[in-house]
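FYI, side chains are in, hydrogens and waters are out, and symmetry mates aren't considered; it's all heavy atoms of this structure.
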There are 2 protein chains.
Amino acid sequence: MRSPEELTVAFRSAGLKVTPQRQLLFRLLHDNSSHPTADSLHSAATSVMPGISLRTVYQTLTDLAEMGELQSIEVGSGSLRFDPNVSDHHHAVCDGCGDVHDVYVSKAPVLRGLDDFSVSDAHIVYRGHCGACSALVATK
Amino acid sequence: MRSPEELTVAFRSAGLKVTPQRQLLFRLLHDNSSHPTADSLHSAATSVMPGISLRTVYQTLTDLAEMGELQSIEVGSGSLRFDPNVSDHHHAVCDGCGDVHDVYVSKAPVLRGLDDFSVSDAHIVYRGHCGACSALVATK
DNA sequence: ACCTTATCTGCATGAATTGCTAATTAGCAA
DNA sequence: TTGCTAATTAGCAATTCATGCAGATAAGGT
Ligand SMILES: [Mn+2]
Ligand SMILES: [Mn+2]
Ligand SMILES: [Zn+2]
Ligand SMILES: [Zn+2]
């Protein structure tokens, strides 16, 4: 995702308006690698701008996704997660704390049983335990 | 997933009862490679046994999953899909018709950026178009 | 400053799943 | 067979996540 300043320009030239709510979300999302949900973003936004609506958060996330500035991912946590990192990568979900980590995969795997299907995209979700959670399990 | 007959024995020895509703679902799921949703199973079940409750379908699917007889997968279609094929495999989803196909992947990919994380499972969701849908697009 | 139009908020609605409970039934035992 | 008891069913309520809608508001070009 581009910087708040660049997004401001991009939104205006797309005929979209730049409101304080959107600017806040631009800042909250920029360089955010936590893969937040709409709800967690709303919480973070509320502490800075009380009264901001969850509906506005969804709206802005949708706009950003349509502009290709972020991607929404589904990792089985029940709700969508939003990722300003739109580079080609995958995700690892900790079954202990639920944190989502970025994974970069080199060398595409070899497929079998997939005749007559043209693949345009692949997303891998790894599950396991992060270092902290592995340590917790070990000491218990 | 095992055969309806084997499941009958397994359910009884687990202290679970074998009802007509469950037997029907055993049959509908056995050798079913369509990755059905709870709702589509309920529709199929209703045509044989009018009055069967969607709640019962969910209940039985949960029981089967807990016994390891099937897995539930999330491929981004909004609702869970259930898969009696519990062998190690992945899925390809057609963006045209929504059908879900099995994919077998040899040779695990090499991961980067995933330090200090122990992976216990991986699930790849491929997206694209199946043969039929590719043909449709070409002729249009 | 004005005017048009996009946006915001609050609430209603929708879709998928789970919780709850009275009535029913499976299946073991007498 | 008959009876007993715990598991199951059906129906409906509740929950969660996301989107639809509309009147009030405000962005931003003129
Ligand atoms: Mn990511
Ligand atoms: Mn499968
Ligand atoms: Zn963890
Ligand atoms: Zn297709």
Select one nucleotide: of D/dA10, C/dT17, C/dT9, the one nearest the side-chain heavy atoms of A/Q21.
-> C/dT9
Under 3.5 Å, which protein N or O atoms sit close to an N or O of nucleotides 28-30 of chain D? Give each pair with its distance.
{"from": "D/dG28", "atom 1": "OP1", "to": "A/R12", "atom 2": "NE", "distance (Å)": "2.7"}
{"from": "D/dG28", "atom 1": "OP1", "to": "A/R12", "atom 2": "NH2", "distance (Å)": "3.4"}
{"from": "D/dG28", "atom 1": "OP1", "to": "A/V18", "atom 2": "N", "distance (Å)": "2.8"}
{"from": "D/dG28", "atom 1": "OP2", "to": "A/R12", "atom 2": "NH2", "distance (Å)": "3.0"}

Will you find, in the side chains of A/T8 and A/E5, an N or O donor that is under 3.5 Å from an N or O acceptor?
-> no
Kindly say if B/Q59 contacts the phosphate of D/dA7, meaning a side-chain N or O under 4.0 Å from OP1 or OP2.
-> no
Taking CD1 from B/I73 and C1' from C/dA16, how many angstroms apart are they, rounded to a whole number?
-> 16 Å
Distance in angstrom units between B/L61 CG and C/dT18 P, rounded | 10 Å
Tell me: CZ of A/R22 to P of C/dC8, nearest whole Å?
-> 5 Å
Nearest-nucleotide check on DNA chain D, B/G51 vs B/G15; residue mapping nearer the 5' end is B/G15
Partner of C/dA30 by Watson-Crick or G-U wobble geometry, both contacts under 3.5 Å, or none?
-> D/dT1
Pairwise distance CZ(A/R112) to CG(B/D102) - rounded to 0.5 angstrom | 11.5 Å
In whole Å, what is the span from the CG atom of A/L80 to the P atom of C/dA15?
-> 17 Å
When rounded to the nearest 0.5 angstrom, what distance separates CE in A/M67 from CG in A/L16?
-> 6.0 Å
Short side-chain N/O contact from B/Y58 to OP1 or OP2 of C/dT18, under 4.0 Å = no
Spacing of OG1 belonging to A/T62 relative to CG belonging to A/L70, to within rounding of 0.5 Å | 9.0 Å
Identify whether any heavy atom of B/I52 sits under 4.0 Å from a base atom; if not, whether one sits that close to sugar-phosphate; answer base, sugar-phosphate or nothing.
-> sugar-phosphate
If you measure from CD on A/Q59 to CZ on A/R55, what distance do you get to the nearest 0.5 Å?
-> 4.5 Å
When you match B/S79 and B/P20 each to their closest nucleotide on DNA chain C, which lands nearer the 5' end?
-> B/S79
Residues B/H35, B/N85; criterion side-chain hydrogen bond (donor to acceptor under 3.5 Å, both in side chains); working and verdict | CA-CA 9 Å; B/H35 305 88; B/N85 178 355; over 6 Å; no
May I have the distance from B/R55 (atom CZ) to C/dG19 (atom P), rounded to whole angstrom?
-> 7 Å
Just how far, in rounded Å, is C1' of C/dA15 from CD of A/E74?
-> 14 Å
Could you check whether the rings of B/H123 and B/H90 sit parallel, tilted or perpendicular, using 30° and 60° as the cut-offs?
-> parallel
Round to a whole Å and report the spacing from CD of B/Q23 to P of D/dT8.
-> 13 Å
For the pair made of CG in B/L41 and C1' in C/dA16, what is the distance, rounded to whole Å?
-> 15 Å
